[in-house]
> 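The structure's right below; bear with me while I get my questions together.
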2 protein chains.
Amino acid sequence: MFEVRLVQGSVLKKVVEAIRELVTDANFDCSSTGLSLQAMDSSHVALVALLLRSDGFEHFRCDRNVSMGMNLANVSKILRTAGNDDIITLKADDDGDVLTFMFESPNQDRISDIEMKLMDIKSEHLGIPDAEYEAVVKMPSQEFLRICKDLSNIGDTVVISVTKEGVKFSTRGDIGNANIVCRQNTTVDKPEDSTTIQMKEPVSLMFALRYMNSFTKATSLSSSVTISMSSDLPIVVEYKIADMGYLRFYLAPKIEDDEDQA
Amino acid sequence: MFEVRLVQGSVLKKVVEAIRELVTDANFDCSSTGLSLQAMDSSHVALVALLLRSDGFEHFRCDRNVSMGMNLANVSKILRTAGNDDIITLKADDDGDVLTFMFESPNQDRISDIEMKLMDIKSEHLGIPDAEYEAVVKMPSQEFLRICKDLSNIGDTVVISVTKEGVKFSTRGDIGNANIVCRQNTTVDKPEDSTTIQMKEPVSLMFALRYMNSFTKATSLSSSVTISMSSDLPIVVEYKIADMGYLRFYLAPKIEDDEDQA
DNA sequence: CAAACAGTCA
DNA sequence: TGACTGTTTG
């Protein structure tokens with residue numbers, strides 16, 4: 001028996017909208033700890049990791065561990081029929097190959113239930129070591145969104161360089177070259193608007209902007225984003241989900257071309 | 001001589017926008033009683049019935065009964081040139097094959113008149129008996145719109161079931177099955193937000209969502225919609241037009257497949 | 001948070 | 001040309 005109840009149903013809607021561009025099918029793994037998902041994007045370049053801890057739900061019952069395979073486009077279609085304020089309940093029998101979504105409007109006037117057939121997806125669960133990163137940048141998620149969007153108008157890749165001065169996002173394209181530098185600033189009124197940098201070692205890595213832009217689909221989940229980098233390790237772009245967990249994206253760096261200075 | 005003046009011209013704009021998807025050409029029938037229209041949709045499955053009573057107009061003169069055939073796409077084009085607050089006057093000579101639209105902006109700054117050639121359309125006027133329906137549901141038109149839209153993301157048909165518990169909208173599709181239940185609630189502050197059910201007999205009928213979605217184009221005409229059903233009779237979806245009449249849609253039920261319970 | 005608008009895509 | 005999506009406003 002699996003049954004969980006989430007008063008803030010919009011969280012689930014946002015999570016699915018954030019990862020559906022990257023991942024078409026995925027297993028949602030449920031245990032007494034909570035609900036988690038780990039999946040490679042369709043071209044096996046990026047990795048998505050979601051955790052929603054059981055204590056973030058109003059009700060969480062999961063008698064035994066289950067892995068529920070879903071097509072995210074279908075999940076999205078179903079969740080779009082839920083209001084943003086709806087309470088969402090997910091239910092499945094132990095042997096069930098069906099997941100039931102229940103949506104209750106805030107005033108209980110309208111209750112919908114939608115059954116969705118589950119799929120068998122071979123899971124490729126990778127252990128992700130909890131590395132110590134050489135540089136960790138926390139910045140407003142909106143600002144990161146804006147930077148990735150702006151830079152992708154110029155070029156296809158971004159070099160993220162962290163020094164003690166700040167974090168620099170650079171791209172090169174036919175139009176020209178662009179650099180955006182964000183300095184550390186903790187003096188801002190609201191902590192979520194601050195940019196903080198923890199650095200053991202200067203790091204500079206290059207990534208495909210296409211994936212970065214996909215990651216920023218999660219912007220509405222959190223007002224800040226945390227970017228962790230070490231030489232030769234995948235970057236981690238993390239959006240915390242208040243009181244529940246996180247949505248993390250991993251992406252391997254591109255080898256920097258020894259480009260001639262134009 | 002035919003000349004009518006409608007201060008709230010937006011009503012006419014909304015009516016035409018609501019039926020143009022369903023009906024391409026139609027006769028507007030004018031008599032001293034008012035202005036009415038009755039037409040089958042192009043695939044002869046649904047029926048549209050409009051009534052605008054003469055007393056809803058500021059001025060209504062219709063010396064003898066006339067039937068004015070119009071292409072609704074053309075009417076729509078003409079009405080789109082009118083402002084939403086414009087006063088609309090329609091004029092035709094008795095022998096005329098021309099209808100004149102006159103639009104006056106609220107402050108009289110701008111007055112346009114557009115002549116449109118009328119067409120000869122063979123009318124197929126069906127008498128619609130004023131049946132007593134086994135179940136009549138009144139609900140917010142926005143909610144009905146939302147339900148039809150949501151369900152059509154899952155399946156092609158909707159089963160509408162009225163019981164004393166409430167009204168249930170169900171569909172089945174490849175993704176899964178969906179049910180939305182609306183309970184009766186008259187306790188809401190605003191009467192237009194209430195859902196009321198009058199039921200002599202439980203009724204359950206199936207309809208094509210494609211037509212339902214067309215009907216909901218009339219949503220802006222009224223804050224509530226009335227759905228009347230009897231076994232084996234066409235459903236009636238009615239949007240009342242304040243102080244003037246109604247726009248009604250009729251649709252025959254589909255024969256429910258004897259589907260095996262999966 | 002829902003409705004209206006505008007701009008884009010098919 | 002119409003439908004849809006995303007944005008903006010109430």
Side-chain angles (χ1 to χ4, degrees), chain A residues 6-14 16-18 20-21 72-73 76-88 103-110 112 141-142 145-146 148-150 152-153 213-214 216-221 223 242, chain B residues 8-11 13-25 41-43 70-86 139-154 156 180 182 185 188-190 192-195 208-225 239:
Chain A
L6 184 61
V7 169
Q8 202 184 152
S10 59
V11 167
L12 200 60
K13 296 181 62 148
K14 287 178 188 171
V16 171
E17 291 307 308
R20 58 178 289 232
E21 184 176 309
L72 287 175
S76 164
K77 274 187 191 167
I78 290 172
L79 288 175
R80 278 169 194 241
T81 73
N84 271 324
D85 294 336
D86 283 5
I87 298 166
I88 297 183
F103 306 138
E104 303 167 58
S105 66
N107 57 17
Q108 304 278 319
D109 276 352
R110 183 182 135 179
S112 15
S141 58
Q142 291 282 359
L145 166 70
R146 178 74 192 280
C148 291
K149 213 179 64 180
D150 287 350
S152 59
N153 284 327
N213 278 124
S214 278
T216 61
K217 296 276 191 267
T219 299
S220 63
L221 277 170
S223 54
Chain B
Q8 202 183 152
S10 59
V11 167
K13 296 181 60 147
K14 287 178 186 170
V15 164
V16 171
E17 290 308 308
I19 64 181
R20 56 179 294 233
E21 185 175 307
L22 238 31
V23 180
T24 55
D25 302 305
D41 85 289
S42 35
S43 48
M70 310 185 197
N71 173 277
L72 286 175
N74 291 343
V75 176
S76 164
K77 276 185 191 166
I78 290 172
L79 287 175
R80 278 171 193 237
T81 71
N84 270 324
D85 297 331
D86 282 6
M139 57 161 40
S141 58
Q142 290 283 357
E143 188 163 352
F144 181 62
L145 165 70
R146 176 78 189 279
I147 289 169
C148 291
K149 215 180 62 179
D150 286 350
L151 290 186
S152 59
N153 282 328
I154 314 267
D156 298 326
I180 301 175
C182 298
N185 72 345
V188 178
D189 292 346
K190 306 168 202 157
E192 66 264 29
D193 287 346
S194 73
T195 298
L209 275 168
R210 179 188 148 210
Y211 289 100
M212 288 292 167
N213 277 123
S214 278
F215 300 168
T216 61
K217 297 277 192 263
T219 299
S220 62
L221 277 170
S222 174
S223 55
S224 66
V225 62
Y239 295 86

> For a quick check under 3.5 Å, do B:S43 and B:Y211 share a side-chain donor-acceptor pair by atom type?
yes
> Which sits closer to the 5' end of DNA chain C, B:R146 or B:N84, going by the nucleotide each is nearest to?
B:R146
> Could you work out, with salt bridge (charged side-chain N to carboxylate O under 4.0 Å, His left out) as the rule, every residue matching A:K217, not counting sequence neighbours?
A:E21
> Between B:K13 and B:D85 (salt bridge meaning N to carboxylate O under 4.0 Å), is one present in this structure?
no
> Can you give me the N/O atom pairs linking the protein to nucleotides 2-8 of chain D at distances under 3.5 Å, or say none if there are none?
{"residue": "D:dG2", "atom": "OP1", "partner": "B:R20", "partner atom": "NH2", "Å": "2.4"}
{"residue": "D:dA3", "atom": "OP1", "partner": "B:E21", "partner atom": "OE1", "Å": "3.4"}

> Tell me whether B:R80 is salt-bridged to B:E17, with the criterion being a basic N under 4.0 Å from an acidic carboxylate O.
yes
> Taking only side-chain nitrogens and oxygens of B:Q142, does any of them come within less than 4.0 Å of OP1 or OP2 of C:dA3?
yes
> Once side-chain hydrogen bond (donor to acceptor under 3.5 Å, both in side chains) is applied, do any residues pair with B:N213, and if so which ones, sequence neighbours excluded?
B:S152
